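A short write-up of the structure that comes next.
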Amino acid sequence: MTDRLLFRALKGGKGTKIVTLNGKRLTKMPAGLSSLPGLKILDLQNNRISSISVEIENLRQFQKMKLKEFYCEGNPLFLRQPYKALQESYVFTLQEITARFIMNQLEEKNSFLMKAIEWYPQIKDKIAHAKTCVICGKPFLTVWLECIEFVPPNKNWKISGNLKLVPIRVLICSFMCFSLRSPDIFGIAQV
């Protein structure tokens, strides 16, 4: 039954707007969903989905789907038990240390560096790709840790009434910032 529903949805191609596979005992997210560019509503509630398929695992692919509504409650997508990660010492590269220093000085409006950087377009290109640490608010180039923060959903979203929190990707620049995180931020690790 589930295969027929999914086949019919995939056969619709660009015209498929809604896929409802609620309570169909699915154990993984259907791989072909990323090939439905017109999909607006995806309902995968009350299944046994414990991981995202390889095709959709890349968050960019999932974001390209431009869903208006996504229902995934009732699936064991997240481990319920926290996993204690071992902290290994990490030394930043000289490039990372220098980039962080320059970006911090530019934020403080260091006039010497602001003038000097005009002469080095390759540095401007590098620091243009900087990210901001969600904990300290400082810029950095190399992501030390990718995390998930659970926040209340936007009031403009159409969601089911029982969805209280949604996971949002956040980036952290160092172990020091990770140790200062709020209890709503969880590190992502492969176990």
Side-chain angles (χ1 to χ4, degrees), residues 28-29 33-34 42 44 49-67 70-110 112-114 116-117 120-157 159 162-191:
K28 64 179 185 172
M29 191 178 269
L33 293 174
S34 58
L42 177 58
L44 298 174
I49 300 171
S50 60
S51 65
I52 295 174
S53 69
V54 175
E55 291 82 358
I56 300 176
E57 196 170 55
N58 181 348
L59 189 57
R60 290 187 187 116
Q61 285 290 350
F62 194 71
Q63 288 173 332
K64 285 180 187 176
M65 293 173 70
K66 298 183 181 173
L67 294 173
F70 175 51
Y71 303 101
C72 63
E73 297 85 358
N75 286 294
L77 283 169
F78 300 104
L79 291 175
R80 298 181 197 277
Q81 298 289 326
Y83 176 77
K84 178 107 171 123
L86 297 174
Q87 170 56 36
E88 297 177 18
S89 60
Y90 183 81
V91 178
F92 292 116
T93 65
L94 183 57
Q95 179 180 356
E96 181 68 24
I97 294 168
T98 306
R100 288 181 184 207
F101 174 79
I102 290 171
M103 290 183 291
N104 286 328
Q105 291 298 308
L106 290 174
E107 278 188 349
E108 294 176 13
K109 308 284 189 232
N110 180 317
F112 175 75
L113 269 177
M114 292 175 87
I117 203 151
Y120 298 97
Q122 66 273 27
I123 294 175
K124 284 174 69 173
D125 290 343
K126 278 268 192 220
I127 63 176
H129 299 292
K131 295 133 187 104
T132 303
C133 179
V134 72
I135 307 297
C136 68
K138 299 279 187 188
F140 61 95
L141 291 181
T142 306
V143 175
W144 182 81
L145 183 63
E146 184 176 7
C147 295
I148 297 289
E149 179 177 18
F150 291 93
V151 297
N154 187 317
K155 293 177 182 174
N156 298 328
W157 295 354
I159 56 171
N162 61 351
L163 182 64
K164 303 294 183 227
L165 298 172
V166 293
I168 303 292
R169 178 182 183 242
V170 294
L171 303 173
I172 295 181
C173 70
S174 65
F175 177 72
M176 187 170 70
C177 283
F178 182 69
S179 65
L180 298 173
R181 74 192 186 284
S182 74
D184 296 332
I185 296 177
F186 299 89
I188 299 174
Q190 287 189 324
V191 182

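Not measured: the values here are computed from a predicted model.
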Legend entry - Non-hydrogen side-chain atoms of Phe178 and Cys147 separated by less than 4.5 Å: yes
Inset, instruction - Would you indicate whether the side-chain heavy atoms of Leu171 and Val134 approach each other to under 4.5 Å? - result: no
Below 3.5 Å, can you tabulate the donor-acceptor pairs from side chains in residues 96-106 to any protein atom, sequence neighbours excluded?
| residue | atom | partner | partner atom | Å |
| --- | --- | --- | --- | --- |
| Glu96 | OE1 | Thr142 | N | 2.8 |
| Glu96 | OE1 | Thr142 | OG1 | 2.8 |
| Glu96 | OE2 | Arg100 | NE | 2.6 |
| Glu96 | OE2 | Arg100 | NH2 | 3.3 |
| Glu96 | OE2 | Leu141 | N | 3.0 |
| Glu96 | OE2 | Thr142 | N | 3.4 |
| Thr98 | OG1 | Leu94 | O | 2.8 |
| Arg100 | NH2 | Cys173 | O | 2.9 |
| Asn104 | ND2 | Arg100 | O | 3.1 |
| Gln105 | OE1 | Asn110 | ND2 | 2.9 |

Legend entry - Ser174 and Phe140, any side-chain heavy atoms less than 4.5 Å apart: no
Inset, instruction - Mind jotting down which residue pairs meet the salt bridge (Lys or Arg N to Asp or Glu O under 4.0 Å) criterion with at least one end in residues 127-137? Sequence neighbours excluded, please. - result: none
Legend entry - Pairing residues for Lys138 by the salt bridge (Lys or Arg N to Asp or Glu O under 4.0 Å) criterion, not counting sequence neighbours: none
Legend entry - Distance-minimising heavy-atom pair for Cys177 and Ile172: CB-CG2, 3.7 Å
Legend entry - Within 6.0 angstrom of Met114 CE, more than 12 heavy atoms from elsewhere: yes
Legend entry - Atom pair CZ (Phe150) and CD1 (Ile168), whose distance is rounded to the nearest 0.5 Å: 10.0 Å
Legend entry - Pairwise distance OH(Tyr71) to CG(Leu44) - rounded to 0.5 angstrom: 12.0 Å
Inset, instruction - State the CZ-CG distance between Phe175 and Leu180, to the nearest 0.5 angstrom. - result: 9.5 Å
Inset, instruction - Quick one: which residue pairs count as a salt bridge (Lys or Arg N to Asp or Glu O under 4.0 Å) with a foot in residues 171-184, not counting sequence neighbours? - result: none
Inset, instruction - List for me each residue that meets side chain to side chain donor-acceptor pair (under 3.5 Å) alongside Gln95, sequence neighbours excluded, and say none if there are none. - result: none
